[in-house]
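Below you'll find the structure, written out as structure tokens, and then a few comments.
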Amino acid sequence: MTLNDQNDKKDFFRYYLLIAVITVIVFHPSLSHMPRSDHFIYLANTATQKDFFSLTFKNYSLNRMDLPYGMKDAILFRPLTYIFLGMERWLFDLDFASWQLTGIFLHLAVLYFLLKYLYETQKSFWAFLLTLFFAVLFAGSEMVVWSHINGYMIFIISALIALNQSQKVIKEKRIYRGNLIGITLALGFAVFTHELGVIFCLLFTIFFSLSFKSHNINEQRPSSLKALNKHSAPLSKKTAIFSFLFPFLLYCLLSSLDFHYRHLKLSPENNFPFSFKFMMTTMQNAASAILWWLHSGLFPSRVLFLIGQRTFMYPFYSSLSGSPPLTLLAIIQTSASIGLIGSFIIIIAVHMNKAFINEKWKILSFLFCLFSSYALLTAIGRLNARGLDKTLIGNTYYHYFFWIFFILFIYNLIPFNSVKKISRSFFWTTSTTFLIVLIAFNYYFTSALIYNRAFKVHAYYTLDQKIQTLIKQE
């Protein structure tokens, strides 16, 4: 289903406008936030650089360079992330409200493409609800308000664009030059922005090769593609697959050349033994990470948070924190989340059928492998060496990556329209109510987090002004 119908387009834009307004209301206090943690270190390392070229293309591999203040991580290669960061540095300098505004705009772009994909997959009110849930997700809000990592959202946007484009191509059973260039560029941006983009590119190519079945190129073109591809002939499946693999191959080549050009060596934590014990530890840590991300997203009232240089979140079972008070509101929120999980399980069990599984198994396998690969990547790169609790507690933006792909997985797994057509059942009504309650609590907790960080900044500056006044009086 595409947004060709005028009513569909109107519904889509109404939904998106409402989501955008709520998102801006939640995140606008972040315009008062100041640089912190890695962002502060980045500003210190680039303090003497003023021209555009030095801040962008010269710093394309900043984490592999010898810098005054430590940021080195030789295994990572994210040139577009650092070029984007350099562009922000050149454009905004120390105007931190503009840095924060960029994060909000990128988040709004993610929400647009997420809603578009969901709404084109199944035209359901749940597309709006799940996008709104992600928009105000308490556990993933650090991605939006921590300016240093805003560029990671470019990867998410690129991935969603590739998925949206592939949806049309697979449905029409033809791929034209315009589609090919659009998907390849999106994969290129994804690959060179974040290492998960490399895995996404490989898994996407496998998914496309399994899903795309081209018709005879001499058959009549679908009318929806005529305008876009008037002067082109359909391309072969082999051409598309090679094109989609090209960003991955280019990444491997450029990353390797850059690594050897700089005469780098991997740090001890990046020397992976790949023994049986290592693999078992990795799988255990990856599973623990997924459970942590699910818990923090679904049970925000059972998470303690601390506002420091980073946002630290402590689930109640963490050995590093106590248990948050079990208030009446916390009981309501916890009950709603448990009810939502139970409703989803019942809906899947009752309304899942063989035809639906045959239609969806490829995209479900792709998305499952994607968020599982992210958990494994996190375990190998961070959790195994640095410890589970401390790493996850201090890197709450990991939730953003996990939840975007988990929502896509859930939406493809549940036949929402079938449930609604069969009957306006008890489970349809209750699950919708439970999700609205969960959205309301995430809205509340995210707003509190964003506002309190802004308030702390204001308090620090007020205190600083008082100290300066006393100094002058002395």
Side-chain angles (χ1 to χ4, degrees), residues 1-5 7-9 11-12 14-16 19 111 113-135 137 159-160 162-173 203-204 207-208 210-213 290 294 297-298 336-372 402-439:
M1 195 279 295
T2 55
L3 299 177
N4 293 325
D5 185 84
N7 289 331
D8 289 345
K9 288 181 179 179
D11 288 343
F12 171 82
R14 284 193 196 105
Y15 287 152
Y16 179 70
I19 290 167
L111 298 175
F113 289 108
L114 173 61
L115 179 62
K116 189 172 188 290
Y117 177 84
L118 297 181
Y119 203 65
E120 289 187 348
T121 301
Q122 297 183 72
K123 194 180 78 171
S124 167
F125 182 61
W126 275 81
F128 163 73
L129 287 179
L130 286 171
T131 306
L132 181 58
F133 168 72
F134 184 76
L137 181 65
L160 290 172
L163 285 171
N164 273 293
Q165 286 288 316
S166 67
Q167 225 177 11
K168 296 176 185 177
V169 168
I170 290 167
K171 181 188 174 184
E172 301 287 1
K173 299 183 180 179
L203 292 176
F204 177 87
F207 160 69
F208 182 84
L210 292 172
S211 303
F212 181 69
K213 295 178 181 178
I290 289 174
L294 285 170
L298 291 171
S337 292
I338 293 171
L340 179 65
I341 295 167
S343 298
F344 273 14
I345 292 171
I346 292 169
I347 289 170
I348 292 168
V350 172
H351 298 294
M352 188 66 66
N353 56 63
K354 190 175 180 180
F356 187 81
I357 293 171
N358 289 336
E359 179 190 351
K360 293 288 187 178
W361 75 266
K362 293 166 191 171
I363 185 65
L364 288 172
S365 300
F366 165 59
L367 293 168
F368 178 81
C369 288
L370 190 59
F371 68 73
S372 299
F402 170 77
W403 272 99
I404 189 83
F405 296 116
F406 187 69
I407 285 171
L408 295 178
F409 176 79
I410 289 296
Y411 199 75
N412 278 285
L413 179 63
I414 300 176
F416 291 105
N417 288 332
S418 298
V419 175
K420 193 173 181 181
K421 286 175 184 175
I422 290 168
S423 64
R424 293 184 179 274
S425 64
F426 170 76
F427 293 112
W428 174 263
T429 306
T430 53
S431 57
T432 303
T433 305
F434 289 145
L435 183 55
I436 291 171
V437 171
L438 182 57
I439 289 168

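One is the number of the first residue; the rest follow in order along the sequence.
Considering every non-hydrogen atom in both Ala336 and Val437, the closest pair reads CB-CG1, 3.6 Å. The two residues Ile19 and Ala135 have their closest heavy-atom pair at CG2-CB, 4.0 Å. Contact detail for Ser211 and Lys362: the closest heavy-atom pair is OG-CD, 3.6 Å. When every heavy atom of Phe113 is checked against every heavy atom of Leu160, the shortest pair comes out as CB-CB, 3.7 Å. In plain terms, the two heavy atoms of Gly297 and Leu137 that are nearest each other are CA-CD1, 4.0 Å. Taking both residues in full, the closest heavy atoms of Ile347 and Ser431 are given as CD1-OG, 3.9 Å, listed atom of the first, atom of the second, then distance.
Considering only heavy atoms from C-beta on, Lys360 comes within 4.5 Å of Thr121 through its side chain. Asn412 places a side-chain heavy atom less than 4.5 Å from the side chain of Tyr117. Annotation: side chain of Phe134 is not in contact with side chain of Thr131 (no heavy-atom distance under 4.5 Å). Looking at heavy atoms from C-beta onward, Phe366 lies out of side-chain contact with Leu210 at the 4.5 angstrom threshold. Looking at Ile439 and Leu435, their side chains come closer than 4.5 Å, going by heavy atoms from C-beta outward. Using a 4.5 Å heavy-atom threshold, the side chains of Phe434 and Thr430 count as touching.
Taking the six-membered ring for Trp and the full ring otherwise, the centers of Tyr15 and Phe128 sit less than 6.0 Å from each other. A ring-centre distance under 6.0 Å is found for Phe371 and Phe368.
Classified by interplanar angle (parallel below 30°, tilted 30° to 60°, perpendicular above 60°), the ring pair Phe208/Phe204 is parallel. A tilted orientation is assigned to the rings of Tyr119 and Phe12, their planes being inclined by 30° to 60°.
Atoms OG and CG, from Ser166 and Asn164 in turn, are 7.5 Å apart once rounded to the nearest 0.5 Å. From Ile407, atom CD1 reaches atom CZ of Phe402 across 9.5 Å, with rounding to the nearest 0.5 Å. Here the CD1 atom belonging to Ile338 is positioned 11.5 Å from the OG atom belonging to Ser343, to the nearest 0.5 angstrom. Separation of atoms CD1 (Ile410) and CZ (Phe405) is listed at 15.0 Å; rounding is to 0.5 Å. The structure places CG of Leu163 at 10.5 Å from CG of Leu118, a figure rounded to the nearest 0.5 Å. A distance of 12.5 Å separates CG in Leu413 from CG in Leu408, rounded to the nearest 0.5 Å.
In this structure a side-chain-to-backbone donor-acceptor pair under 3.5 Å is missing from Glu120 to Lys168. With hydrogens and angles disregarded, no donor-acceptor distance shorter than 3.5 Å links the side chain of Lys123 to the backbone of Asp8.
The ring pair (Phe, Tyr, Trp, His ring centres under 6.0 Å) with Phe344 is formed by just one residue from the set Trp126, Phe409, Tyr411; it is Trp126.
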Going through the checks in order, is the side-chain contact (heavy atoms from CB on, under 4.5 Å) test met by Leu111 and Leu115? CA-CA 6 Å; Leu111 298 175; Leu115 179 62; over 6 Å; no
